[in-house]
Amino acid sequence: MNLFADIRALVIDSVAALQSEGALPEGLGLDAITVEPPRDPLHGDMATNAAMVLAKPARQKPRDIAEALAGKLMADPRVTSAEVAGPGFLNLRLDPAVWQAVPRAILQTGTGYGRSVMGQGTKVNVEYVSANPTGPMHVGHARGAIVGDAMASLLAYAGYEVTREYYINDGGGQVDTLARSVYLRYLEAHGREVEFADGTYPGDYLVPVGAALKEKVGDAWLDQPEEVWLAELRGFATDAMMELIRADLAALGVQMDVFFSEKSLYGTGRIEEAIDSLKAKDLIYWGTLPKPKGKADDDWEEREQWLFRSTAFGDDEDRPVQKADGAWAYFAPDIAYHFDKVSRGFDLLINIFGADHGGYVKRLKAVVQAYTNGRVDLDIKLLQLVKLYKNGEPFKMSKRAGTFVTLRDVVEMVGADVARFHMLTRKSDAPLDFDFDKVVEQSKENPVFYVQYAHARICSVLRKAADEGWATDDATLSGGDLGTLGHEAELGLIRKLADWPRQVEIAARTHEPHRIATYLSELAADLHGLWNRGNDDLSLRFLQDTEAASQPKLALARAVAVVISAGLGILGVTPVEEMR
RNA sequence: GCACCCAUAGCUCAGCUGGAUAGAGCGCUGCCCUCCGAAGGCAGAGGUCAAAGGUUCGAAUCCUUUUGGGUGCGCCA
């Protein structure tokens with residue numbers, strides 16, 4: 001059930017009726033017609049811009065169209081008034097019974113209330129995290145993991161067919177660095193003195209990997225040149241790192257469907273195939289790049305190489321696909337990787353990247369556009385930095401001093417639920433402050449707590465009701481007469497509930513899961529507001545003297561809890577039943 | 001130098017494919033527990049939506065320019 005969609009459908013039908021009567025011309029575009037809650041509740045329950053949108057193409061005055069539309073809409077039993085206002089808004093009021101049906105519908109459908117079919121089974125691939133397999137994940141990866149996971153859940157809830165995917169960068173030179181670092185730890189495990197030079201990873205997390213290597217190969221690789229062990233150690237080391245990363249993701253509650261290995265593209269001809277197909281379209285050519293301007297030109301030398309013509313797609317420079325030594329640059333396997341995604345039948349690709357990948361966006365979009373002739377859309381979300389605080393003081397992170405904050409640190413300090421919700425309170429292109437103390441604070445400034453508290457309060461009321469021996473199951477609560485839910489404060493809360501499916505669609509359409517967190521905070525505020533109204537007005541309390549009088553109010557409260565559960569479910573957060 | 005992102009209340013931020021008098025929390029002022037959890041709520045003060053143009057019946061939202069901040073710019077991934 002989606003009340004706003006229902007009423008919008010009614011508006012569209014009414015426009016069609018006017019068209020068939022000749023009052024409006026045929027062939028009008030109706031997509032821009034919206035039905036929204038008015039900013040000011042005094043304007044009514046819902047407002048539509050239909051008359052204003054249609055005025056120009058229909059060559060009629062907006063208020064005239066609105067008047068005609070009002071007449072049609074009034075014929076529907078759900079609509080009790082339709083007033084033309086301002087430049088041509090049509091403000092609608094609905095029969096209270098329509099609103100009272102909302103909590104009933106929520107209790108009957110459960111957390112599926114708000115699910116949408118807008119995705120229509122569109123196959124979407126959400127690629128996120130994709131952290132290099134060279135060490136444990138840090139706090140920046142955590143934001144990517146959380147936003148990507150919530151994005152995937154949101155789209156699934158909105159009717160898309162979603163695949164969660166991780167691209168493992170296990171093909172490049174950094175893996176050599178990793179392997180050499182593990183080799184040093186391996187020597188150390190054999191009691192040798194080692195030194196971690198620049199260009200190796202000195203982190204402690206490789207100590208057990210070195211020990212495991214000793215277990216596996218014994219002393220066979222001692223005093224051997226790289227040719228003997230490097231190739232095999234690459235695989236051994238990345239496997240160990242991916243195990244670490246999977247465990248980190250699991251600690252956050254993130255589960256991937258696909259781990260795609262960059263390495264798996266090498267030696268199969270697929271990179272060459274992808275490059276050739278772009279050459280055939282004259283999008284990859286042999287040429288030289290201009291010297292970058294305004295940058296220190298220390299050792300720049302002009303060189304001919306294979307270049308991707310990304311300037312044809314609005315990029316400011318063409319991009320090389322090969323390194324100086326003839327090996328593929330990172331970009332080449334990534335082209336093949338995105339071709340692979342397309343070939344797996346995805347209609348929409350979403351990549352969640354860190355802000356430092358900003359320069360990469362245009363060329364990657366260009367690749368997908370070129371390959372699919374624009375059929376498949378690639379949306380890239382760039383996540384801004386997470387700024388860490390402790391007690392309001394910036395929390396310094398330094399890899400050199402070994403004080404960088406890992407994802408695991410965050411989960412252990414504040415818990416996965418708190419980390420997840422908080423990371424989703426800001427849109428992705430805004431930087432995010434994360435204060436280890438504030439995010440666990442139990443006060444209304446902390447949205448995680450605020451929403452959880454609303455849910456716990458409702459659970460508390462239902463427990464009290466159950467203590468009275470009253471029925472609190474959804475079927476009984478929704479089965480009774482909800483006609484007494486007529487107070488403005490109660491109807492206001494119901495309107496908020498009715499807005500949930502709409503917010504889901506907006507969030508899914510814009511690929512912005514943070515809107516779910518924002519909505520939940522607003523819903524919680526409305527719940528707390530109504531709750532306190534009960535201090536002054538006993539008739540607004542959820543618990544009344546009799547079971548019969550309480551039942552509609554409990555149904556409303558329970559409906560709020562269901563929607564909070566649904567929303568938290570999308571965010572991957574567990575609703576709590578009591579605060580401790 | 002160029003590209004991308006950002007700029008909304010004193011502070012931190014929401015703001016719907018453009019819609020009516022721009023919202024919330026913190027902070028400030030004043031209130032509300034004999035009462036389902038006050039871990040909460042109500043009311044008040046606080047705004048040139050960075051600036052200037054443009055498109056539109058209508059702009060915080062779209063376009064252009066400017067200013068300020070962040071990120072990136074062949075042989076890292």
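Naming convention: chains lettered A, B, ... in sequence-line order (proteins, then strands); numbering from 1 in each chain.
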Whole Å only: how far is the [atom1] atom of [X] from the [atom2] atom of [N]?
{"X": "A/I380", "N": "B/rA3", "atom1": "CD1", "atom2": "P", "answer": "19 Å"}
{"X": "A/Y330", "N": "B/rA77", "atom1": "OH", "atom2": "P", "answer": "9 Å"}
{"X": "A/D356", "N": "B/rU71", "atom1": "CG", "atom2": "C1'", "answer": "8 Å"}
{"X": "A/F308", "N": "B/rG74", "atom1": "CZ", "atom2": "P", "answer": "17 Å"}
{"X": "A/D176", "N": "B/rC76", "atom1": "CG", "atom2": "C1'", "answer": "13 Å"}

[N] and [M]: how far apart are their [atom1] atoms, nearest whole angstrom?
{"N": "B/rC75", "M": "B/rA14", "atom1": "C1'", "answer": "45 Å"}
{"N": "B/rG25", "M": "B/rA9", "atom1": "P", "answer": "16 Å"}
{"N": "B/rG18", "M": "B/rA60", "atom1": "P", "answer": "13 Å"}
{"N": "B/rG41", "M": "B/rG46", "atom1": "P", "answer": "23 Å"}
{"N": "B/rA20", "M": "B/rU61", "atom1": "P", "answer": "13 Å"}
{"N": "B/rA52", "M": "B/rA7", "atom1": "C1'", "answer": "16 Å"}
{"N": "B/rU64", "M": "B/rC6", "atom1": "P", "answer": "13 Å"}
{"N": "B/rU12", "M": "B/rG54", "atom1": "C1'", "answer": "33 Å"}

Legend entry - 5′-ward residue of the pair A/L543/A/P431 relative to RNA chain B: A/P431

Legend entry - First of A/R319 and A/A456 reached from the 5' end of RNA chain B, by closest nucleotide: A/A456

Ignoring the backbone of [X], work out which of [options] is nearest its side chain.
{"X": "A/H514", "options": "B/rA3, B/rA14, B/rG40", "result": "B/rA14"}
{"X": "A/W531", "options": "B/rC36, B/rG74, B/rA14", "result": "B/rC36"}
{"X": "A/K464", "options": "B/rA77, B/rC36, B/rA38", "result": "B/rC36"}
{"X": "A/T34", "options": "B/rG74, B/rU17, B/rA77", "result": "B/rU17"}
{"X": "A/K323", "options": "B/rA77, B/rU71, B/rA14", "result": "B/rA77"}
{"X": "A/K362", "options": "B/rC4, B/rA14, B/rG74", "result": "B/rC4"}
{"X": "A/D429", "options": "B/rC6, B/rA14, B/rC36", "result": "B/rC6"}
{"X": "A/H528", "options": "B/rA14, B/rG41, B/rC36", "result": "B/rG41"}

Inset, instruction - Apply ring-ring contact (aromatic ring centres under 6.0 Å, His included) to A/F313 and list each qualifying residue two or more places apart in sequence or on a separate chain. - result: none

Legend entry - Pairing residues for A/Y128 by the ring-ring contact (aromatic ring centres under 6.0 Å, His included) criterion, not counting sequence neighbours: none

Inset, instruction - Record whether the side chain of A/N532 comes under 3.5 Å of the base of B/rG40 through a donor-acceptor pair of N or O atoms. - result: yes

Any base atoms under 4.0 Å from [X], or only sugar-phosphate, or nothing? Heavy atoms, all strands.
{"X": "A/D31", "result": "base"}
{"X": "A/S443", "result": "sugar-phosphate"}
{"X": "A/G173", "result": "sugar-phosphate"}
{"X": "A/N535", "result": "base"}
{"X": "A/F449", "result": "base"}
{"X": "A/Q503", "result": "nothing"}
{"X": "A/H357", "result": "base"}

Can you tell me the Watson-Crick or wobble partner of [N], both distances under 3.5 angstrom?
{"N": "B/rA7", "result": "B/rU67"}
{"N": "B/rC57", "result": "B/rG19"}
{"N": "B/rA14", "result": "none"}
{"N": "B/rG1", "result": "B/rC73"}

Residue-phosphate contact under 4.0 Å: [X] side-chain N/O, [N] OP1/OP2:
{"X": "A/K427", "N": "B/rA14", "value": "yes"}
{"X": "A/K56", "N": "B/rC57", "value": "yes"}
{"X": "A/R426", "N": "B/rC6", "value": "no"}

Hey, could you give me each pair passing salt bridge (charged side-chain N to carboxylate O under 4.0 Å, His left out) that has a residue in [range]? Not counting sequence neighbours.
{"range": "residues 516-526 of chain A", "value": "A/K496-A/E522"}
{"range": "residues 127-136 of chain A", "value": "A/E127-A/K341"}
{"range": "residues 51-68 of chain A", "value": "none"}
{"range": "residues 32-47 of chain A", "value": "A/D45-A/R495"}

Inset, instruction - Would you please indicate if the ring centroids of A/H43 and A/F89 are separated by under 6.0 Å? - result: no

Legend entry - Centroid separation A/W500 to A/Y519 less than 6.0 Å: yes

Inset, instruction - Return the orientation label for the A/F434 and A/F436 ring planes: parallel under 30°, perpendicular over 60°, tilted otherwise. - result: perpendicular

Inset, instruction - Summarise how protein sits on nucleotides 18-26 of chain B as a single string, 5' to 3': B when a protein heavy atom is under 4.0 Å from the base, S for sugar-phosphate-only contact, - for no contact. - result: -BB--S-SS

For residues 329-338 of chain A, which side-chain donor-acceptor pairs fall under 3.5 Å, sequence neighbours excluded?
| from | atom 1 | to | atom 2 | distance (Å) |
| --- | --- | --- | --- | --- |
| A/Y330 | OH | A/N169 | ND2 | 3.3 |
| A/D334 | OD2 | A/Y360 | OH | 3.0 |
| A/Y337 | OH | A/E165 | OE2 | 2.8 |
| A/H338 | ND1 | A/D334 | O | 3.0 |
| A/H338 | NE2 | A/N351 | ND2 | 3.0 |

Inset, instruction - List in chain and number order the residues that pass side-chain hydrogen bond (donor to acceptor under 3.5 Å, both in side chains) with A/S550, two or more places apart in sequence or in another chain; answer none if no residue qualifies. - result: none

Inset, instruction - Kindly write out the residues that satisfy side-chain hydrogen bond (donor to acceptor under 3.5 Å, both in side chains) with A/T311, not counting sequence neighbours, or none if the list is empty. - result: A/D318

Inset, instruction - Scan side-chain atoms only and decide if A/S539 and A/D537 contain a donor-acceptor pair under the 3.5 Å cut-off. - result: yes

Inset, instruction - Determine whether the side chains of A/Q120 and A/T122 contain a donor N or O and an acceptor N or O closer than 3.5 Å. - result: no

Are there any protein N/O atoms within less than 3.5 Å of an N/O atom in nucleotides 66-70 of chain B, and if so, which ones and at what distance?
none

Legend entry - Nearest-0.5 Å distance, CG of residue A/L520 to CG of residue A/L527: 11.5 Å

Report each atom pair, protein N/O against N/O of nucleotides 42-46 of chain B, whose distance is under 3.5 angstrom.
none

